[in-house]
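So the structure is just underneath, and the comments pick up after that.
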Amino acid sequence: MNTLEETKFLMKKYKIRANKNLGQNFLIDDEVIQDIVNGANISKEDLVIEIGPGLGTMTVLLVEKAKKVICIELDKKMIKILNDRFIAYDNIELINQDVLKVNLKELIKQEKENNQIKNVKIVANLPYYITTPIIMKLLESNLDIESITVMIQKEVADRLIEIPSGKNTGAITYTVYYYCKSTKIREVANTSFIPMPEVISEVINLELRKEPAVKVANKKVFFNIIKSAYMQRRKTLLNALVNTGVFKNKEEGLEILKKLNLREDIRAENLTIEDFARLTNVFCERIS
Ligand code: SAM
């Protein structure tokens, strides 16, 4: 049975109708599944955390490659299928919860202590409706993980893996670049899923940096400045940061830009991550 036949068989057997509200688009393309799993570069010393395993299509390969797989799946019906499907395996654990509510830091700490795990890798065909909150959680929780290999909407993927100040840059581009080195693995047509999503997808790999890309005096201030600058990205950086209350007034802003040798009319998208780091550091010096 190929993956398409297997998916149809499981959906019929368990009377499954893909739940749109849970972003259920099941992968049916063997080549894509193989590319995601290969892209994650899994070894027998690794713990894989799979978010949203669904019917277990990718999980089948993951349990063979990894020391252990922890699946986090919100839909109870999927948990039932996974339980039946992997009954003979002793290296899989199922967590029936919203991934945004799972204490991943504690989970990983426990696994590393108890199971001689070398590396932790996140692998997922993510539900599109919460891609950004999941990625932000994975990056901002200071997790002891090696990499994140995910399939997401192409438009979002291109923004995440852009070099800051490149054409697809958004505030989140700086966050991803700060924490990770990223690679595009491949694009995926909507015909690779049932039901077909409306958008094209992309598989990306984010490898966590040992040290962040830049040194900043205060991480919270750094990301707040970037977010504020991008909130009004059509305006000049100066106006955007005055309007969002980062700079007390124009005079203060002008003084800071001058100190950094940045032009008065520069826009957020023209700043490199190093520029934002310098801006943060000068700003923090003034308020300390
Ligand atoms: N991995 C399967 C595949 O590739 O065929 C399914 C991928 S489907 C795009 C997304 C999966 O995430 C669904 O199984 C869905 O039930 C699950 N899901 C949705 N929201 C979730 C959440 N907040 N936490 C955990 N899983 C979630």
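Read the numbers this way: they start at 1 and go in the same order the structure lists the ligands and their atoms.
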TODO: Check for a donor-acceptor pair, side chain of D275 on one end and backbone N or O of T272 on the other, with a separation under 3.5 Å.
DONE: yes
Task: Pairing of K77 and D75 as salt bridge, 4.0 angstrom limit - done: no
- [ ] For the residue pair F193 and Y128, categorise the inter-ring angle as parallel (less than 30°), tilted (30 to 60°) or perpendicular (more than 60°).
- [x] perpendicular
Could you list the donor-acceptor pairs under 3.5 angstrom formed by side chains in residues 64-71, with sequence neighbours left out?
| unit_1 | atom_1 | unit_2 | atom_2 | d |
| --- | --- | --- | --- | --- |
| E64 | OE2 | Y89 | OH | 2.7 |
| K68 | NZ | E93 | OE1 | 2.8 |
| K68 | NZ | E111 | OE1 | 3.2 |
| K68 | NZ | E111 | OE2 | 3.0 |

- [ ] Looking only at non-hydrogen atoms, find the nearest pair between C284 and V221 and report the distance.
- [x] SG-CG1, 4.0 Å
Task: Whether Y178 and F223 hold their rings parallel, tilted or perpendicular, with breakpoints at 30° and 60° - done: perpendicular
TODO: At a heavy-atom distance under 4.0 Å, which protein residues reach ligand 1? Sort them by chain and number, would you?
DONE: L22, G23, Q24, N25, F26, L27, E50, G52, P53, G54, I72, E73, L74, D75, Q97, D98, V99, N125, L126, P127, Y129, I130
